[in-house]
Structures are given as C-alpha cells and as structure tokens.
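To start, the structure under review is shown below, and the notes come after it.
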Amino acid sequence: MYEAEKTSILESLRSSGEVRALVNADCREVLRMCPPDWAALVHTSPPYNIRRPYNGFSDTREIEEYKSFLRDVISQLFRVMKAGGCVFWQSGYTESRGGANGGIVLLDSISLPIFAESGFVLWDRIIWNYFGSMAFKSKFTNRHETILWLVKPGPNGAAPAFHLDEVRERAVSYDGRNHILGRNPGNVWQADRVAYGSTGQTSHPAVFPEEISEKIVRSCSQPGDVVLDPFVGSGTTCKVSLTLGRQFLGCDVSQAYIREADERLGLWAYGELWNLALGILVLYGFGKRPGAKSVAELDKVLCLVCGDGRVREAIDLEQQVQELAAPVNETASLKRRKQELWKKYDQLLHRDQPSHPMVLADRALCFCFAHRRRWNGVRRCLSAGVLLRQLGEEVLSREEASRVELIRQLCLGSPTRFAPLGNLIELKSVNPGLGCNAAWAEGTAPKDLQQVMF
Ligand SMILES: C[S@@+](CC[C@H](N)C(=O)[O-])C[C@H]1O[C@@H](n2cnc3c(N)ncnc32)[C@H](O)[C@@H]1O
C-alpha cells in the first residue's frame, strides 16, 4: 500500500468502486483521482499549522499559503462527497503565529469561510472536552477541541441522514418520557485523550480517541458506505470504519505513519459480527487468559453461545422497541411498559453471574467496542441479541469442518494475537478495545472476510 501500489489502488478504486486502503501520498493528489459524488463521510483532523513535529512533514506555512492549502483540499472534498454527505473537521485550538500581539487565531475561523465558499453548510459544532492536557501558565489550560460538522447540501437541501438510534446513550434516570433506546448524546463529548502507554498509543503526536470516531461513523454512515480521512495519521478513522464494516480511504504524506496505521488496522475482524465471534472465543473459549485451546473446543463454545434458544427473545424485543419508540399516544400504561422494559434489561445486564446469551454477547461486544458501556440496557441487549442471532445463522448452518475452518481463519487472521500451535490455537495477548493491534500476514485473511484491498 505504499508508493508503488498507489496507482493500482486508485485504478481498482475507479474500476470496481470498492476500497479499503491506506495510501502514502499527498491527499490533494489522491482526492483528485477519486470519483465525484462518492463518499458518505469524512472524519479528519488537518495539520494545524503550529509547527507540530510530524514525521516527514513540517507543519509550518505562511497563513495565506495555509489557507490556499485548505482551499485545495476542501474544494476536492466537496466534489468527492455525495449530496447529503457529512464532513467532521476536527481542529485544535489555534494558529498562534497569526494573532496580533501574540494573540490567538481560532482554526475554525480560518476554515469555516473556506467551507462556505466551497458550498458546504455548517450543520453543527461539537466540542470534544478532555482532561490531561499540558498546563498553561498565562491563561486557562486548554481542555477542548472543536469538530465542525459540515454537509454537502442535496438539490432539495434535505437534512443529512443521521442515525440517532445508533448513538443513543443511557439517561441518568428514566421516567417513561424518554426514548426507549436512550437519549441523544448532545454536542459536547467527553472522552479521554489517548494516553501515553495505552493500547491506542502510537508514535503519532495527535491520535484521535476511537470513541469520537466511532460516534461519528455510527451516526453518519452505514455499513458499506465510503469513509475518507485525507489526513489519516495513525489511522483512527479508518480503523473504526473497518471494524464497523465501512469502506475507507486514508492518506498521509508520512510513510512512517502509514506503515504504523497499516499495522494498527491489521484487523482483529471485519465488521461487528466477526468481532462478536472473536470476542466470544477470547472471553469464553480462552477465559480471557493467554494459553492454548483446540479448535474443536473453541467450536463447542461458539455453538453453545450462538445456539442458545433464548436469543429468540431478540425478535420479541425488537417488536416491543418498535412499538414503544414511536407511540401515537403516550398513555400511562405505555409509559409503564417502557419503564418495565428499561428496568428488565438494565437488571439483566448487571447480574453477577451472566448466563443469558444476550448478556454473554453484550460482554463480548463491550470487550471489542468499549463505547457500548454508555448505552442503555434495552439498546445493548437488543443489539447483542440481533447480532448473536445473525452469528448463529452464519455459524450453525455450516458443517462442523467448515465451522472449524472459519474459526481457524478468524484466529489466524490476527497473527499478533493468535498463533497456531500444532492442532491448537494459542492466544498470545488479551488487549480489550475496538479491534486490536494485530496485522494480517500476507494472504491469511479469512476468505469470507477478505476485501479487495487486503
Ligand atoms: C492532526 S494529524 C491527524 C491525526 C489523526 N487524526 C490520528 O488519529 O492519528 C494530521 C496528519 O496530516 C498529515 N498531513 C499533512 N499534510 C498532508 C497532506 N498534504 N496530505 C496527506 N497528509 C498530510 C500529517 O503527516 C499528520 O499525520
């Protein structure tokens, strides 16, 4: 996926329209090669022009030159986005050299007029609030970044597709008037910065937290959609997109960052379904402890969890949620039913000894997607139940030999996590989090999961 393959990636992109790739190149060059009206979503963070020491790129331009650089990128983004497509433009605090008398210039105030002149509409402005920043001496320590949400308007100016149910969060208390799946998370997001030494840490100085990207990708794209990050750095947007089953294209001028992002993306599994399967194996097959197990043992565990008849409850829960989510009349009895449902699934999740398959699946999913812990009980159980049912259909319809092969392929597709050990599979490390730091070895990706670019 480096210089030599750049042209072939882009050619295949143009011919097949399918892409899952990281490209080591100037994003202006790559964007010019992308088809028009194509991408559904961009989540990116441009260089801030603050002399940040990126590997292989000096973040220093005269202000007019910086604006012209942004103009080039933003006008290409407008061309490449579908009508109704969204750009989430994350910028830091300031361009400090531009202010009079050492004052500050907000990066938003530089980029917003450029977005407007390119044709984008400002849809919202999100504040990312974090802790753990470097203490200032002469003013209040900065504890936020902003994320401009811009939309390429369609011919009739309709609102962008926003999948709110995908990002609803648990309300502090429930009184029957709330939505059964939880509340709108609002536009101030609290998330820890990627801490030094944590599993998300790389050599890149400005890594997004995965949960920020996850919220954006879940709410403003659907599986199969194309997500772009023209300044991909450590690859966060692409990693989240891959794990949630989206297509993606990320570029960076630094070859070192692209190599590292490639490693980081090296996937645990593609899409939520296969993450669920691997979560089940790590948690219940290996008991979350490094060690070796036979594939037959792992197969037994997977079949046991997927085959539990109680997962049929998800169908019933889906119907109840549909009925209660958009009631015509909020009668007292309807409110009571909502409250009962809310309580039932919250309590189900918090049992000390879980045995219900929805709860087992939820734990495996929380292991892969930490952000789910913020969801309410109904939403967690519903999503876990539906995914487990789908996994059951996928796994139990296979002959034993084919199941065993699938498990082998899934595990061996993450060579930094699993290793073959004779007839056994060894789990080498247990790192929770969205996907994990593993890499597909050449040609080892499971056939069903292998995508054009891997
Ligand atoms: C703020 S960082 C992005 C960090 C990223 N969001 C993450 O989670 O790691 C900006 C990145 O843009 C890259 N960059 C700068 N100019 C570029 C260009 N013209 N084309 C592509 N990448 C560029 C830098 O190397 C840097 O990695």
Side-chain angles (χ1 to χ4, degrees), residues 1-3 6 9-10 21-34 41-61 65-77 80 87-95 107-108 110-111 126 128 130 145-148 191-196 198-217 227-243 248-265 433-435 437:
M1 295 200 196
Y2 305 102
E3 194 61 35
K6 194 169 73 196
I9 285 175
L10 293 168
L22 294 167
V23 185
N24 173 214
D26 187 314
C27 64
R28 292 169 291 182
E29 188 191 339
V30 177
L31 287 172
R32 268 192 276 279
M33 295 170 91
C34 293
L41 175 65
V42 172
H43 178 205
T44 198
S45 169
Y48 297 171
N49 208 31
I50 50 173
R51 300 189 196 121
R52 195 171 235 169
Y54 293 118
N55 193 336
F57 166 71
S58 112
D59 189 24
T60 315
R61 286 182 168 98
E65 195 194 338
Y66 181 59
K67 283 184 188 172
S68 136
F69 165 70
L70 293 184
R71 197 167 284 120
D72 232 14
V73 176
I74 291 170
S75 61
Q76 280 303 322
L77 287 179
V80 164
V87 174
F88 287 79
W89 188 261
Q90 185 156 335
S91 19
Y93 191 35
T94 60
E95 206 286 349
L107 283 177
D108 281 356
I110 297 179
S111 42
I126 295 152
W128 167 31
Y130 54 78
E145 287 208 345
T146 55
I147 308 172
L148 299 177
D192 288 343
R193 275 156 52 115
V194 177
Y196 184 73
S198 67
T199 48
Q201 175 73 27
T202 73
S203 74
H204 199 282
V207 179
F208 289 157
E210 289 174 6
E211 62 181 285
I212 298 271
S213 210
E214 186 185 344
K215 215 179 301 211
I216 291 171
V217 172
V227 180
L228 297 182
D229 186 346
F231 305 105
V232 77
S234 64
T236 313
T237 300
C238 295
K239 181 178 176 194
V240 171
S241 302
L242 174 66
T243 319
F248 61 84
L249 178 61
C251 331
D252 205 287
V253 276
S254 156
Q255 188 174 78
Y257 291 151
I258 286 289
R259 278 191 198 286
E260 215 172 334
D262 199 12
E263 285 266 302
R264 190 165 168 238
L265 250 73
L434 185 83
N437 301 331

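Side-chain atoms are counted along with the backbone in the values below, which use heavy atoms only and exclude waters and symmetry mates. One-based numbering, in listed order, for ligands and for the atoms of each.
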Problem - For Pro230, atoms of ligand 1 separated by under 4.0 Å from a heavy atom - result: 21 (C), 22 (N)
Completion exercise
In terms of heavy-atom contacts, Cys238 and Leu249 come closest through SG-C, 4.2 Å
Problem - Set of side chain to side chain contact (heavy atoms under 4.5 Å, CB included) partners for Arg32, sequence neighbours left out - result: Arg28, Asp72, Gln76
Practice task
Using non-hydrogen atoms of the residue, decide whether Ala261 is closer than 4.0 angstrom to ligand 1.
Solution key: no
Practice task
Would you check whether Pro47 has a nitrogen or oxygen atom less than 3.5 angstrom from a nitrogen or oxygen atom of ligand 1?
Solution key: no
Practice task
Return yes when Thr44 approaches ligand 1 closer than 4.0 angstrom through a heavy atom, no otherwise.
Solution key: no
Exercise for the section: Report yes or no: does Asp252 contribute a side-chain atom to a donor-acceptor pair with the main-chain N or O of Gly233 at less than 3.5 Å? Expected result: yes
Problem - Non-hydrogen atom of Ala25 closer than 4.0 Å to ligand 1 - result: yes
Completion exercise
Counting heavy atoms under 4.0 Å, the part of Val73 that contacts ligand 1 is neither
Problem - Element-labelled atoms of ligand 1 that are located less than 4.0 Å from some non-hydrogen atom of Ser45 - result: 1 (C), 2 (S), 3 (C), 10 (C)
Handout entry: Any N or O of Ser234 closer than 3.5 Å to N or O of ligand 1
Key = yes
Handout entry: Contact check, side chains of Ile126 and Phe88, non-hydrogen atoms, under 4.5 Å
Key = yes
Handout entry: Side chain Ser45, main chain Gln90, donor-acceptor under 3.5 Å
Key = yes
